Amino acid sequence: MASLPSLVFSVRRQQPQLVGPAKPTPQGFKHLSDIDDQQGFRFHIPVIQFYHNNPLMVGKDPVRVIKAAVAEALVFYYPFAGRLREGPARKLMVDCTGEGVLFIEADADVRLDQFGDSIQPPCPCFEELLYDVPGSGGVLDSPLLLIQVTRLMCGGFILALRLNHTISDGPGLVQFMNAVAEISRGAQTPSVLPVWQREILNARVPPRVSCVHHEYGEEDDTPVRADDMTQGSFFFGPKELSAIRKLLPPHLHNSSTFEVLTAFLWRCRTIALQPDPNEEVRVLCIFNARAKNPLLPLPAGYYGNAFAFPAAFATAGKLCKNPLGYALDLVRKTKASMTGEYIRSVADLMVMKGRPVFKLVGTYIVSDVTRAGFREIDFGWGRAVYGGPAAASPEMISFFIPFKNSKGEDGIVAPVCLPRQAMERFRVEQERMIGEPMDMEGSITKKSPSIISSL
């Protein structure tokens, strides 16, 4: 989303409510898989959806429609209405209490068109469009979902939510949101019924780590956070991607857009951060295991975490001094390593090594959500104007998000979070490689537009 320093609006929220399943649901405990139960997944995923007014929906209130649909969807997805507990050895499980998810009704005195022609992350007002209810942000003993629906003056609305990442990944969240959307439009049951079966991605007996996992370390190596972190979004349309491909040797011309853009951003970001040339840097590429691996058959409707992120790595000096093809070759080899055996090896590693943490220093994470389906989620008002991640969160991650810019060009927007001076170097390096100014659609720092809120 473009930074809008002159935009002033107020958000009036009702008291948060717990929304439980519309009917009685099973009680008891459900264990998460060993892929779910990673230390690095113990945080919340923020998502935001913007919707136009639809004259065909006159007289219908999106807050009431969606709230009722959430209650009905929770009959099928009843673990979402429970709470996470820890068992022996900190093993996570869902206590299916039926307590419900947190839901906030809100109104804002602003129109959708005031957010600009091209809505995209980072969203400078996200903390008001999804209020962080005190005590709700924990991993254990807290609601697994927080949802806020905000009506706009124009008749449109904004839906923002936060999901505990240990219980589901992006595709699983989209599956749940589509269930809510289908019920909002009148369906009695979701077209895709949820499947738990988390034992499919448990460690083998006995566990055996069969792959090398450069993405994990032995100790927490949390990097020092700069005080002047800045978020910006960069647009890559046909023109930009074509210019990047011209930098590649012939044998890499058949590389996918994901591979090319990942290598390009990884190299530019490393140059911008100016690490020690001997420091190891890595890019973690998130790969979904649902459809890729015949050796890891997951049933339709599975909504647990089902991905791994093998790491491409090099010294900063080699990555920055070599041409783009060097980085791309590393990314392609890493992508080829993602097999059913690889994700099973991750599950085994979690058990054998006691949930090792991700290496964070020198790490960049890339996630492709161009086919995730956030924009297609339709609660009756049509597809979203923008739907997907609210920001580069955590700070070392970039999402590849489908986007149409203000010129009407289809492409990919990638939010990036860097210290202010590094962000400028990042932009300059991209422009140097591409040969023309980059379309940096927006940036924000800690300062946000003027927003007045009240409960």
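Note: hydrogens, waters and symmetry copies are ignored here, and every other heavy atom, side chains too, is used. Please read these numbers as outputs of a predicted model, since none were measured by experiment.
Between the side chain of R83 and the main chain of G100, a donor-acceptor pair closer than 3.5 Å is present. With hydrogens and angles disregarded, no donor-acceptor distance shorter than 3.5 Å links the side chain of H52 to the backbone of G382. With hydrogens and angles disregarded, a donor-acceptor distance shorter than 3.5 Å links the side chain of S142 to the backbone of L140.
With sequence neighbours left out, the ring-ring contact (aromatic ring centres under 6.0 Å, His included) criterion links F379 to Y51. With sequence neighbours excluded, no residue forms a ring-ring contact (aromatic ring centres under 6.0 Å, His included) with F103. For Y364, the ring-ring contact (aromatic ring centres under 6.0 Å, His included) test picks out no residue, with sequence neighbours left out. The salt bridge (charged side-chain N to carboxylate O under 4.0 Å, His left out) search around K404 returns D410, not counting sequence neighbours. Judged as a salt bridge (charged side-chain N to carboxylate O under 4.0 Å, His left out), and not counting sequence neighbours, D368 has no contacts.
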Next item on the list: Would you sort out whether F426 and R269 count as a side chain to side chain contact (heavy atoms under 4.5 Å, CB included), showing the intermediate values?
Entry: CA-CA 6 Å; F426 181 72; R269 183 179 182 274; 3.9 Å; yes
Checklist line | Audit row: F307, F287, ring pair (Phe, Tyr, Trp, His ring centres under 6.0 Å) steps and yes/no | finding: CA-CA 5 Å; F307 68 92; F287 296 120; over 10 Å; no
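Between D34 and K91, at least one side-chain N (NZ, or NE/NH1/NH2) sits under 4.0 Å from a carboxylate O, which counts as a salt bridge. Ion pairing between a basic and an acidic side chain is recognised when a charged N comes within 4.0 Å of a carboxylate O; E341 and R204 show such pairing.
The aromatic rings of F41 and H165 lie parallel to each other, with less than 30° between the two planes, well short of the 60° mark.
In this structure, F176 has its ring center no closer than 6.0 Å to that of Y303.
The number of heavy atoms from other shown groups lying within 6.0 Å of CZ (R64) does not exceed 12.
Residue pairs meeting the salt bridge (charged side-chain N to carboxylate O under 4.0 Å, His left out) criterion with at least one member in residues 136-153, sequence neighbours excluded: D61-R151, R85-D141, E105-R151, D107-R151.
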